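No hydrogens, no waters, no symmetry mates; every other heavy atom, side chains included, goes into these values. For reference, positions follow the sequence shown, starting with 1. Since the structure is predicted, the reported quantities are computational estimates derived from the model, not experimental observations.
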Amino acid sequence: MSELDDLAAFAVLMEAGSFTAAAERLGCSKGQLSKRIRALELGLGASLLHRTTRRLDLTPAGAALLPEAQALTAQAERARQTVLRLQDELAGRVRLTVPISFGETFFDSLLLDFTRRYPRIRIELDLFNGYRDLAAEGFDLAIRSGMDPDERLVARPLFSLEEITCASPRYLASQGTPVHPADLAAHQCLLNTHYSGFEEWLYHRQHRLERVKVAGSLASNHYSLLKKAALSDVGIARLPSYMVQDELADGRLVWLLRDYRTRQAPVFLVHPWQGGLPRRIQVLVDYLLAWFERSRQRLDEMADQAGGAP
């Protein structure tokens, strides 16, 4: 315990009027409290109390010290209340880092809706595909694929990332619609060079793994470019579900090979461990969790309406 803690204990003792009552308020034993008062006296080089079996009387030194100890205790409580008010206030800055494809596809509209709801919260959005040290670089939240081994971080499941095989109606009208993964070998496929083995697409169905060699005139490590190419009738792409829900809903893209599953990866909402989150951060966490849950339900509904699940 620090000397400030001992001063606070001294103030509580004199307010409570007995070691028994003060120890109960402080959550310690009478013996521990007595040691703290004794340590304070030794540190000051003066006795503070005349101890009797029935009452506590202040020495001149104790009488001089008590108002100062009470003032320190009151100041500490005011400081605590100030911090609590800041924690509860729906205002201030929240720094959020997300992969580039997120920010380019839907985070603009998502966060615009959030800021309309909470105009006093300022979102600073960082688009970055690399690793950010959240604590060292001052970030409040991050969206990451895969579990983070950093014990200083808390990870909340956000959604399961799955790629959807899709193409534009015009491309399919001119080149035909694949009904089996093997059919993709005869099509222009838009390849994602971010992944190793990008010239081989894997599909799962009823515990069977199917591999197909694919090729095409365009390859990129950027999902947004591949999406634009698919919308421009260039070929067939595999794109994350979160990127194409609007296009699937309005018919600009067609969902292919629905009965086959593609690779899935869990995506997490991550923040530094700090006990209770400030309210301005917590409301954004709640908002993101709810948004992605609605997104998942919407995708399930589209699959059901088409007569099957992906």
Under the 3.5 angstrom rule, does the side chain of [X] hit a backbone N or O of [Y] as a donor-acceptor pair?
{"X": "S295", "Y": "W291", "value": "no"}
{"X": "S47", "Y": "L49", "value": "no"}
{"X": "R95", "Y": "G138", "value": "yes"}
{"X": "N221", "Y": "T193", "value": "no"}
{"X": "E200", "Y": "V212", "value": "no"}
{"X": "D6", "Y": "I37", "value": "no"}
{"X": "E163", "Y": "R263", "value": "no"}
{"X": "R280", "Y": "R93", "value": "yes"}

Which atom names give the shortest non-hydrogen contact between [X] and [Y], and what distance separates them?
{"X": "L226", "Y": "A237", "answer": "O-CB, 4.3 Å"}
{"X": "P157", "Y": "L289", "answer": "O-CD2, 3.7 Å"}
{"X": "L191", "Y": "A215", "answer": "CD1-CA, 4.3 Å"}
{"X": "A142", "Y": "L96", "answer": "N-CD1, 4.1 Å"}
{"X": "P272", "Y": "A135", "answer": "CG-N, 4.4 Å"}
{"X": "V254", "Y": "P169", "answer": "CG2-CG, 4.0 Å"}

Return all side-chain donor-acceptor pairs below 3.5 angstrom for residues 172-184, not counting sequence neighbours, or 'none' if the list is empty.
from : atom 1 : to   : atom 2 : distance (Å)
S174 : OG     : R170 : O      : 3.3
S174 : OG     : Y171 : O      : 3.0
H180 : ND1    : A182 : N      : 2.9
H180 : NE2    : E210 : OE1    : 3.0
D183 : OD2    : V179 : N      : 3.0
D183 : OD2    : H180 : N      : 3.0

Under a 4.5 Å side-chain heavy-atom rule over Ile, Leu, Val, Met, Phe, Trp and Tyr, are [X] and [Y] clustered together?
{"X": "L66", "Y": "L44", "value": "yes"}
{"X": "L125", "Y": "I281", "value": "yes"}
{"X": "F128", "Y": "L111", "value": "no"}
{"X": "F159", "Y": "V154", "value": "no"}
{"X": "L225", "Y": "I236", "value": "no"}

Verdict with supporting geometry, V283 and L90, side-chain contact (heavy atoms from CB on, under 4.5 Å): CA-CA 8 Å; V283 294; L90 287 174; 3.5 Å; yes

Partners passing side chain to side chain contact (heavy atoms under 4.5 Å, CB included) against P240 (at least two apart in sequence or in another chain): L161, Y223, Y242, M243

Under 3.5 Å side-chain donor-acceptor pair for E301 and Q297: no

Do you know which of [options] makes side chain to side chain contact (heavy atoms under 4.5 Å, CB included) with [X]?
{"X": "F10", "options": "L65, L72, D5", "result": "L65"}
{"X": "Y260", "options": "T262, L257, L256", "result": "L257"}
{"X": "R144", "options": "V98, L153, L158, L269", "result": "L153"}

Listed partners of Y287 passing ring pair (Phe, Tyr, Trp, His ring centres under 6.0 Å), at least two apart: F114

Which value, rounded to the nearest 0.5 Å, describes the distance between [X] atom [atom1] and [Y] atom [atom2]?
{"X": "N129", "Y": "I100", "atom1": "CG", "atom2": "CD1", "result": "4.0 Å"}
{"X": "C189", "Y": "K213", "atom1": "SG", "atom2": "NZ", "result": "13.0 Å"}
{"X": "C28", "Y": "K35", "atom1": "SG", "atom2": "NZ", "result": "11.5 Å"}
{"X": "L239", "Y": "L253", "atom1": "CG", "atom2": "CG", "result": "7.5 Å"}
{"X": "I143", "Y": "L288", "atom1": "CD1", "atom2": "CG", "result": "5.5 Å"}
{"X": "S241", "Y": "Q264", "atom1": "OG", "atom2": "CD", "result": "9.0 Å"}

Going by the rule salt bridge (charged side-chain N to carboxylate O under 4.0 Å, His left out), which residues pair with [X] if we only count those two or more places apart in sequence or in a different chain?
{"X": "R117", "answer": "D113"}
{"X": "R156", "answer": "none"}
{"X": "R132", "answer": "D126, E137"}

Can you list everything that forms a side-chain hydrogen bond (donor to acceptor under 3.5 Å, both in side chains) with [X]? Sequence neighbours excluded, please.
{"X": "Q188", "result": "S217"}
{"X": "R298", "result": "D246"}
{"X": "H271", "result": "none"}
{"X": "D233", "result": "S168"}

Check ion pair R261-E162 (N to O, under 4.0 angstrom): yes

Ring-face cation of R208 near Y203 (centre distance under 6.0 Å, axis angle within 45°): no

Ring-face cation contact, W201 with R238, 6.0 Å cut, 45° max: yes

Hydrophobic cluster of L209, others only, ordered by chain and residue number, side-chain cut-off 4.5 Å: L202

L231/K228 under side-chain contact (heavy atoms from CB on, under 4.5 Å): CA gap, chis, key distance, verdict: CA-CA 5 Å; L231 288 167; K228 289 177 181 177; 5.6 Å; no

Verdict with supporting geometry, K227 and E247, side-chain contact (heavy atoms from CB on, under 4.5 Å): CA-CA 10 Å; K227 177 181 174 180; E247 291 78 9; 2.9 Å; yes

Validation row: L284, R279 side chains within 4.5 angstrom (heavy atoms): no

Residue pair D140 / L277, side-chain heavy-atom distance below 4.5 Å: no

Stepwise side-chain contact (heavy atoms from CB on, under 4.5 Å) check, T115 with I121: CA-CA 7 Å; T115 53; I121 298 177; over 6 Å; no

Extract all donor-acceptor atom pairs below 3.5 Å that involve side chains of residues 12-26 and protein atoms in other chains or at least two apart in sequence.
from : atom 1 : to  : atom 2 : distance (Å)
E15  : OE2    : R25 : NH1    : 3.4
S18  : OG     : A21 : N      : 3.1

